[in-house]
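Report on the following structure.
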Amino acid sequence: MLRRVPRLQSHKRIFLSQNSNQLVVVVKGLACQVPTLFCTQKRAMELARAFAGEENESGKLAERYYGTRIDKRHFVVLKEGLDPDAAQFALYQDEEGRPLGSPPSTAERMVYYARHASALAVSVARKAMADANCPSEQVTQLITVSCTGFDSPGFEFDLIEQCALPRDVGRLHVGFMGCHGSFNAMRAAQAIARADREANVLIVSVELCSVHMQYGSRSEDIVANALFSDGAGACVISACEDGSEGKLVLEEFLSYVIPGSQGQMGWHIRDQGFVMDLKREIPKSIYRHLPGVLTDWLSQKCGMQIPQVGAWGIHPGGPRIVEAVLDCLELPEGAADVSFHVLKQFGNMSSATVFFMLDEMARRNLPRPWLMIGFGPGLSVEAVLIRE
């Protein structure tokens, strides 16, 4: 029996003070960024076999890597000057390409994160502000997102310094929430923009998953090593009068924790990096709970049904997760074209992936409304409905 979402009061419409035009919250600018260096998935598998001790389990490793549908991934841990088919890891291999005798410590990984996160953050933020035609001095709030590194002060200080953001910019960090972290950031930005029509909220997500590759043959480690990659995304969110054609309007958000799912997906800080837990029950939980949760939310909060969704942005946490969503909602296979395209070209960049999906959906000019959905630790569901 499906657990139904409790009925919630819909958000009241917010109006401009001097006229009857509705105030809506929109994505004014958007940008994506990946590290320059990348390697093919075939080469990533060869490297993983070298440092993960998989010489005698090559079939198992190949099944995991080729089953991801990924062609290539961008990593900050790759050595300079090597072709994608001959890539080597700097953090996990010595100068001769031999695997290090023991995995890097969490401290060593965090040094690597701090060294590389800021450059990606600054680059993608500048692009997003330019796309929004929003000068840096007009940014009123800065929301940063990451689950792959901790450093304080973090890359938000580099954004303030190098992007010339105001010294009194409001700051908020969405940390350790995993793949759906940018949904939470957009929801916070929507609330800020609804409360202050002059606000320009800059969201910057940076995820360097490659600094947390794990040694050994534990199933969850192999899956995580095979799926995750590095990337950054940013957007500028603000309020404007409704009727501005072409804008991505953030309509409604869903947040739901699936009951009894606490041990299904986890992200834990250990002595040798951050370690992922991914249980086989995840697709079953999605299949069991998502149809009822989504149907009730769409009906109660959005006044629509699943067939009225124009296009889908399913976070590509992995092929099995995307396929579970397709199956349980009885969507046509083409509904996941954007998800599989982003996965193929970039891998799973955790929270930054949302911006790559948004960018691809806009590039394809897909019919709206769009429904974007992602999953995170526990098993939790986050979604946003975007209209024009």
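Everything numeric in this text was worked out from a predicted model, so none of it was measured. Note that the numbering runs from 1 along the sequence shown for the chain.
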Give the ring-plane orientation class for F38 versus H74, where under 30° counts as parallel, over 60° as perpendicular and anything between as tilted.
tilted
Salt bridge flag under 4.0 Å for residues D71 and K344
yes
Minimal heavy-atom distance between G317 and L227, with the atoms involved, is O-CD1, 3.3 Å
Flag the pair W267 / T148 as yes when at least one side-chain heavy-atom distance between them is below 4.5 Å, and no otherwise.
yes
Go through it in stages, so that I can follow the logic: the residues are K127 and Q33, the test is side-chain hydrogen bond (donor to acceptor under 3.5 Å, both in side chains), and I'd like the CA-CA distance, side-chain angles, deciding distance and then a yes or no.
CA-CA 9 Å; K127 291 178 181 178; Q33 183 84 39; 2.6 Å; yes
Any ion pair linking K247 and E241 (charged N to carboxylate O, less than 4.0 Å)?
no
Salt bridge check, E323 against R320: does any charged N sit closer than 4.0 Å to a carboxylate O?
no
V122 and C163: CA distance, side-chain angles, deciding distance, side-chain contact (heavy atoms from CB on, under 4.5 Å) verdict
CA-CA 7 Å; V122 169; C163 294; 3.9 Å; yes
E388 and P369, any side-chain heavy atoms less than 4.5 Å apart
no
Is there a side-chain contact between F340 and I314, using heavy atoms and a 4.5 Å cut-off?
no
Given 3.5 Å as the limit, does a donor-acceptor pair link the side chain of T106 with the main chain of R270, or not?
yes
Thinking salt bridges, do R167 and E161 make one under a 4.0 Å N-O criterion?
yes
State, with a plain yes or no, whether a side-chain heavy atom of Y65 is found less than 4.5 Å away from one of T68.
no
Charged N-O contact under 4.0 Å between E281 and K279:
no
Walk me through it: do F150 and F176 pass the test ring-ring contact (aromatic ring centres under 6.0 Å, His included)?
CA-CA 9 Å; F150 291 101; F176 226 59; 5.5 Å; yes
Report yes if the side chains of L343 and P319 come closer than 4.5 Å at any heavy-atom pair, otherwise no.
yes
Counting C-beta onward and ignoring hydrogens, is there a side-chain heavy-atom pair between V354 and M372 closer than 4.5 Å?
yes
Tell me which one of E207, H315, H180 satisfies side chain to side chain donor-acceptor pair (under 3.5 Å) with S351.
E207
If you define the side chain from C-beta out and look only at heavy atoms, does anything of Q305 sit under 4.5 Å from T295?
yes
Heavy-atom side-chain proximity of F346 to R73 below 4.5 angstrom
no
Going through the distances and angles, do T140 and E198 end up as a side-chain hydrogen bond (donor to acceptor under 3.5 Å, both in side chains)?
CA-CA 8 Å; T140 58; E198 302 300 324; over 6 Å; no
